[in-house]
Amino acid sequence: MKTTIFISRKIPEAAIGILKEAGFAVEINPEDRVLSKEELLAGCRGKDGLLCLLTDTIDREFIGQMGQLKGIAAMAVGYNNIDVAAAAEKGIPVSNTPGVLTDATADLAWALLMATGRRLPEAERYLRAGEFKSWGPMLFLGGDLRGRTLGIVGAGRIGTAVGARSRGFGMKIIYTDPEKNRILEEELGGRRVELNTLLKEADFITLHVILNEETRRLIGRPEFKLMKKTAYLINTCRGPVVDEEALVEALQSGIIAGAGLDVFEKEPHIHPALLTLPNAVLLPHIGSATIETRTRMAVMAAENLVAMMKGERPSNLVS
Ligand code: DGY
């Protein structure tokens with residue numbers, strides 16, 4: 001009997017090729033959309049392996065009904081959508097795709113930093129609306145980056161890569177992390193500080209933590225109050241790390257200067273007030289959205305799944 005795999009949405013062909021070459025029978029959600037819980041359950045029923053995305057909720061209830069699975073491969077570095085403990089109880093290994101999306105995500109964090117600090121979307125909207133009548137000495141003034149302080153919350157792979165990109169811009173780095181980060185300190189002159197110090201001192205605060213119960217709403221009303229009025233918050237990790245209601249208040253009342261967001265608390269729902277705020281730059285979770293990166297992520301997920309189907313330890317086991 002052939003090993004059977006379910007893929008919850010269209011992914012790069014290279015990954016599907018790997019699964020087929022391994023001799024697996026592969027079924028893919030034919031529609032390019034997130035499946036409902038029932039549809040996902042139906043797709044996985046009787047299958048040996050699942051290749052899923054961060055938009056699929058793989059909770060205890062789902063796992064309770066899918067005890068036959070021999071492996072779940074997430075095509076994402078973050079796996080907060082999967083109840084890894086519940087899977088482990090059933091003996092189902094779970095894998096993710098770390099490392100391969102570091103540069104793309106760091107690039108996007110940097111793009112948001114530039115876009116907020118220099119008000120690019122606002123300026124572009126103005127031009128497209130036919131408002132650009134002449135160069136103006138006071139038109140869309142932003143702030144210099146040189147000499148400003150970049151505050152990195154979570155100095156893992158992506159946080160470190162964001163720090164490395166600040167080199168050419170002449171920024172100072174401070175960061176929070178349970179561990180000392182050699183690259184940020186020794187190569188980039190960064191300083192490890194407590195979160196409250198970072199919030200008080202940084203001009204740009206960029207979030208790079210994993211979402212768990214400790215980091216959920218890590219940035220809320222008290223934290224916004226510590227920030228400079230001129231500070232910008234950049235979030236490319238997970239939406240629930242920020243209390244979105246508190247963020248809206250902070251942006252509306254000038255507690256902070258602006259925010260660049262690629263992720264949202266109740267994705268894909270966007271807080272309606274955010275949509276009206278000119279000092280918020282909003283993107284539809286595209287941190288890793290380059291052809292090369294998404295291909296690498298899909299291939300890595302497929303390779304992990306092949307290993308799990310053979311009863312081997314995948315390279316990127318998270319459970
Ligand atoms: C991830 O892999 O966790 C990212 O959010 C996808 O872009």
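Numbering of residues begins at 1 and proceeds along the displayed sequence. Numbering of ligands and ligand atoms starts at 1, following listing order. Because the structure is predicted, anything quoted here is derived from the model rather than measured.
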* Counting heavy atoms only, which part of Leu54 comes closer than 4.0 Å to ligand 1: side chain, backbone, both or neither? -> side chain

* To do: Answer with side chain, backbone, both or neither: which part of Leu101 has a heavy atom less than 4.0 angstrom from an atom of ligand 1?
  => side chain

At a 4.0 Å threshold, what atoms of ligand 1 neighbour a non-hydrogen atom of [X]?
X      : answer
Ser288 : 6 (C), 7 (O)
Met297 : 2 (O)
Arg238 : 1 (C), 3 (O), 4 (C), 5 (O)

* Hey, is CD on Glu194 packed in by over 12 heavy atoms from elsewhere, all under 6.0 Å? -> no

* Asked: Are Met75 and ligand 1 in contact, using a heavy-atom cut-off of under 4.0 Å?
  -> no

Smallest separation among heavy atoms of [X] and [Y], with atom names:
X      : Y      : value
Val318 : Tyr79  : CG1-CE2, 3.4 Å
Tyr232 : Ala259 : CD2-N, 4.5 Å
Ile92  : Leu69  : CG1-O, 3.4 Å

* Looking only at protein heavy atoms, identify the closest one to atom 1 (C) of ligand 1 and say how far it is in Å. => Val77 N, 3.5 Å

* To do: Classify the angle between the aromatic ring planes of Phe132 and Tyr126 as parallel (below 30°), tilted (30 to 60°) or perpendicular (above 60°).
  => tilted

* Asked: When you measure from the side chain of Thr97 to the backbone N and O of Met300, does any donor-acceptor pair fall under 3.5 Å?
  -> no

